[in-house]
Amino acid sequence: MSVYTGNIVFGLVTFPLIAFAITLPYMVYQYRKFGSIPWLRTLVVYSFVFYMLVAYYMVILPLPENRSAVVPYAAHPQLVPFHFVQLIADSSTASLADPSTWPGLLRNPNVYEALFNVLLLVPLGMYLRYYFRRTWWQTLLIGFATTLFYEMSQITGLWGLYVHPYRLFDVDDLMLNTLGAMVGFWAVGPAMRVLPDMRLVNMEAREAGVRASVTKRALSFGIDFAIACAATVVAGAVRLMVVTQAPLPAGGWFGPGWVAWLSFAAVFMLIPVLLHGQTLGQKLLKLRIVRSDASPARWYQIVARYGLLFLFATMPFKLLVGTMGLDASQAGATNAVLAFVAQNRAALIWIWLAFMAAWAASLGVRAVRAAALKRPFVMLNGVLSNTRVMTVAGVEVARERRAVMDVAEVAALERRIAEDGTPLATLMERAGAAVADEVRAWVPDPSPVVVLAGSGNNGGDGWVCARSLAEAGYPVTLVAPDLAERLHAEPARTTALAAFSDAAARDLPLSVLIAPDADVLADAVDRAEAVVDALLGTGFSGDEVREPYASWIRAANRRRFEGTRGKGRGRHRKRTHERGEHERPRRSLPAKAKGAPFAVAVDVPSGLAAQTGTAARPTFAADLTVTMLAFKPGLVEPVAAPWTGAVKLAKLGTDVPALRDELRRSAAGDGAGADAEA
């Protein structure tokens with residue numbers, strides 16, 4: 001047992017070195033793939049690295065005294081399966097028929113060695129199922145490959161480092177280690193019901209990764225700084241070789257100071273100008289320099305941004321060095337200011353230190369506030385140059401949010417798309433599929449979903465979404481005000497009929513509730529892991545939502561904020577519901593109840609005016625709004641944020657910017673023609 005403890009201690013000692021070596025590649029990988037680094041994922045990754053390190057130490061340690069050492073028991077591999085059973089039987093007096101002799105087995109070295117071989121790869125099976133989402137047969141193969149690697153390390157003398165094998169190659173170890181991986185795979189299953197789903201952690205990381213965090217920006221700057229330093233060293237070496245061959249004038253453009261300045265200017269100014277707003281580090285981490293409104297930055301703004309940064313960074317140190325090197329005897333005769341500085345040098349240095357400490361503290365406070373409030377971290381050089389650093393995804397989202405289209409413009413855009421050969425029914429299929437994709441992303445395993453579908457074309461999107469989810473194995477309950485054949489809006493009616501008949505023909509897990517009573521609807525919503533709002537869409541405006549939609553929205557919001565009907569029936573929750581706090585338009589809504597379903601709105605939350613952003617009573621509270629073709633004015637209003645949640649644009653496979661510009665040019669031309677005729 002002391003050998004095992006020593007291996008763990010050795011792993012604890014060496015792990016910080018391994019962690020330090022992998023941190024930079026790990027951060028770059030995470031930022032490129034997910035956009036941010038969630039703490040839970042990081043904890044799991046580093047614990048996995050530590051486990052694999054210790055497990056390998058268990059296999060290869062202790063090492064022989066010298067490279068040519070001979071270990072007799074390891075000279076011949078053990079190739080007889082289940083040989084450990086014979087060893088246990090030969091070395092134990094325990095009898096299966098006499099339970100009183102069983103405790104003696106625990107003192108048998110062959111027994112706990114076999115148990116150790118099983119336990120060695122139990123954590124691997126857990127990691128493979130929980131973190132890597134491997135299937136049982138993939139876990140079986142990976143577990144076997146891992147233990148085969150261990151055994152080959154032993155029989156080859158640590159891959160040729162030692163002349164002779166120093167640990168025994170044992171076929172029983174292959175079987176027991178692989179068994180341990182499968183034990184871990186099955187053992188972690190119940191725990192996965194309460195552990196955070198790593199797929200959701202990844203989705204949340206992608207959502208958070210749209211924002212350029214302080215850590216990401218600092219990492220990109222550090223990479224660029226390292227590149228600039230390396231370029232300075234290389235350029236300096238080239239300069240020395242040139243000077244050796246043909247002496248150059250001292251100082252001037254060939255001085256060592258200018259080599260550093262030119263290297264930094266190339267990395268931080270020339271390269272981002274050539275790469276259209278990206279340094280090498282920013283390109284690696286998918287960041288971009290843009291104007292404050294997310295439009296492309298001009299070359300002189302990029303130069304000004306980093307020129308001011310290095311000016312502000314170097315100027316205090318230049319002043320400090322000048323103050324410390326000032327000669328009081330010479331300064332007094334020529335300049336009163338220099339004489340004052342020389343006489344009060346110590347006090348000025350203390351003032352300089354206090355100023356720098358305050359500046360560093362302000363940076364930390366602003367960085368923490370920016371992270372807490374999810375706002376961009378702005379520095380003075382960014383303000384003066386009117387630039388900021390954003391993620392590539394964030395730039396795209398910001399530009400999409402700026403390119404809003406009125407509700408009437410979107411209707412005209414849909415007609416123009418139809419004229420170009422893409423029917424509205426096709427757009428409806430794409431819209432419903434886009435919403436279903438988001439539901440599957442946030443509810444990765446097939447779970448009950450409720451789709452609230454209205455009688456208009458927004459409801460048609462809901463029918464498509466319900467069928468797509470049912471095709472993926474999700475048990476879907478679609479709530480509609482009437483039968484599909486009684487819908488009047490087109491292409492919603494045709495699409496709903498096709499979706500219903502297709503689901504019936506293929507026996508998909510899709511059930512339809514027509515105008516259900518309150519208890520039936522509440523039961524369905526209580527079981528749901530996601531609720532899709534496809535009731536009203538962009539055509540709604542007003543102060544009150546009509547029935548039955550109002551009751552359906554209240555049922556979804558009640559489940560979101562107050563939990564299931566069997567929970568939270570106390571006096572406080574009753575008063576909260578009677579006050580209708582989650583129906584009133586307000587800047588912030590009550591906190592979500594634990595276990596509340598993921599709420600998705602199609603195009604715009606029902607009850608919210610797409611044109612103005614005003615909320616009616618009641619309004620559907622969404623975690624995510626999937627809006628079609630373009631952002632509507634109401635979705636970008638700050639007062640709408642509590643109801644919309646995150647807003648994601650679905651372009652539905654169309655070139656919206658080109659069509660939008662064409663429509664606006666056409667409208668401008670028609671207006672000019674009308675003025676000319678008048």
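Note that the structure is predicted; figures quoted are calculated from it, not measured.
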Tell me, do V392 and L287 make a side-chain contact under 4.5 Å, heavy atoms counted?
-> no
With the side chain counted from C-beta on, respond yes when V450 and V532 share a heavy-atom pair under 4.5 Å apart, and no when they do not.
-> no
Does the ring centre of Y46 sit less than 6.0 Å away from the ring centre of Y51?
-> no
Could you tell me which non-hydrogen atom of P62 sits nearest to which non-hydrogen atom of Y166, and how far apart they are?
-> O-CE1, 3.7 Å
Under 3.5 Å, side chain of D172 to main-chain N/O of P81, donor-acceptor pair present?
-> no
Nearest-0.5 Å distance, CZ of residue F185 to CZ of residue R134 = 10.5 Å
Between the main-chain N or O of T644 and the side-chain N or O of T625, is there a donor-acceptor pair closer than 3.5 Å?
-> yes
Which atom pair, heavy atoms only, marks the closest approach of F620 to A556?
-> CE1-CB, 3.7 Å
One should read off an interatomic distance between I22 CD1 and L17 CG, to the nearest 0.5 angstrom, of 11.5 Å
Are F149 and W159 close enough that their ring centers fall under 6.0 Å?
-> yes
N458 side chain to G460 main-chain N or O, any donor-acceptor pair under 3.5 Å?
-> no
For the rings on Y56 and Y150, is their centre-to-centre separation under 6.0 Å?
-> yes
F34 ring centre to R206 NZ or CZ under 6.0 Å, with the angle to the axis within 45°?
-> no
Counting only N and O atoms by type, is there a donor-acceptor contact under 3.5 Å from the side chain of K216 to the main-chain atoms of G35?
-> yes
Working for side chain to side chain contact (heavy atoms under 4.5 Å, CB included), residues F15 and V49 = CA-CA 8 Å; F15 174 71; V49 172; 4.1 Å; yes
Look only at the side chain of T391 and the backbone of G394, and say whether a donor-acceptor pair between them is shorter than 3.5 Å.
-> yes
Sequence neighbours left out, cut at 3.5 Å: what donor-acceptor pairs do the side chains of residues 463-470 make with other protein atoms?
| unit_1 | atom_1 | unit_2 | atom_2 | d |
| --- | --- | --- | --- | --- |
| R467 | NH2 | E429 | OE1 | 2.6 |
| R467 | NH2 | E429 | OE2 | 3.2 |
| S468 | OG | V464 | O | 3.0 |

Please name the pair of heavy atoms, one in L649 and one in M628, separated by the smallest distance, quoted to 0.1 Å.
-> CD1-C, 4.2 Å
Non-hydrogen side-chain atoms of L179 and V183 separated by less than 4.5 Å = yes
Pairwise distance CZ(R430) to CG(L652) - rounded to 0.5 angstrom = 7.0 Å
Kindly determine whether R440 and Y474 satisfy side-chain hydrogen bond (donor to acceptor under 3.5 Å, both in side chains), including the steps that lead there.
-> CA-CA 9 Å; R440 286 196 296 268; Y474 288 73; 5.8 Å; no
State plainly whether the residues R199 and E204 are in salt-bridge range, i.e. N to O under 4.0 Å.
-> no
Which pair of heavy atoms, one from R559 and one from A593, lies closest together, and at what distance?
-> O-CB, 4.3 Å
To the nearest 0.5 Å, what is the distance between OG1 (T139) and CG (L124)?
-> 8.0 Å
Heavy-atom check, side chain of Q154 versus side chain of I60, under 4.5 Å | no
Can you give each donor-acceptor pair under 3.5 Å made by side-chain atoms of residues 498-512, sequence neighbours left out, with the distance rounded to 0.1 Å?
| unit_1 | atom_1 | unit_2 | atom_2 | d |
| --- | --- | --- | --- | --- |
| S501 | OG | L497 | O | 3.0 |
| S501 | OG | A498 | O | 3.1 |
| D502 | OD2 | R506 | NH1 | 2.9 |
| R506 | NH1 | E471 | OE2 | 2.7 |
| S511 | OG | V476 | O | 3.4 |

OH of Y73: more than 12 outside heavy atoms within 6.0 angstrom?
-> yes
One should read off an interatomic distance between E113 CD and I88 CD1, to the nearest 0.5 angstrom, of 9.0 Å
Is the side chain of N117 donor-acceptor paired with the backbone N or O of D173 at a distance under 3.5 Å, no angle test?
-> no
Should F144 and L141 be marked as a side chain to side chain contact (heavy atoms under 4.5 Å, CB included) after you check the CA-CA gap, both sets of side-chain angles, and the distance that decides it?
-> CA-CA 5 Å; F144 178 78; L141 293 178; 5.9 Å; no
CG of L128 to CH2 of W136, rounded to nearest 0.5 Å, is 14.0 Å
Using a 4.5 Å cut-off on heavy atoms from C-beta on, say whether the side chain of T156 contacts that of P165.
-> no
Ignoring hydrogens and angles, tell me if any N or O in the side chain of Q138 forms a donor-acceptor pair with the backbone of T135 under 3.5 Å.
-> yes
Okay, side chain of N557, backbone of A621: is any donor-acceptor separation there less than 3.5 Å?
-> yes
For residues Q86 and V80, determine if any side-chain heavy atom of one lies less than 4.5 Å from a side-chain heavy atom of the other.
-> no
If you look at every heavy atom in L284 and R32, which pair is closest and at what distance?
-> O-NH1, 2.7 Å
Decide whether T147 and N177 meet the rule of one side-chain donor and one side-chain acceptor closer than 3.5 Å.
-> yes
Side-chain heavy-atom pair T619, S606 within 4.5 angstrom cut-off | no
Indicate the atoms forming the closest heavy-atom contact of P444 with L200, along with that distance.
-> CD-CD2, 3.7 Å
Does one side chain, of Y26 or T42, offer a donor that lies under 3.5 Å from an acceptor on the other?
-> yes
So, does Y130 use its side chain to make a donor-acceptor pair with the main chain of L195 at under 3.5 Å?
-> no
Any side-chain heavy atom of P475 sitting closer than 4.5 Å to one from E529?
-> no
Can you list the steps and then say if Y57 with T14 is a side-chain hydrogen bond (donor to acceptor under 3.5 Å, both in side chains)?
-> CA-CA 11 Å; Y57 285 163; T14 57; 3.0 Å; yes
Between R558 and G563, is there a donor-acceptor pair closer than 3.5 Å when you use the side chain of the first and the backbone of the second?
-> no
Applying side chain to side chain contact (heavy atoms under 4.5 Å, CB included), run through V449 and T477 and close with a yes or a no.
-> CA-CA 6 Å; V449 177; T477 300; over 6 Å; no
Let me see the working for L120 and V122 under side chain to side chain contact (heavy atoms under 4.5 Å, CB included), right down to the final yes or no.
-> CA-CA 6 Å; L120 182 64; V122 166; over 6 Å; no
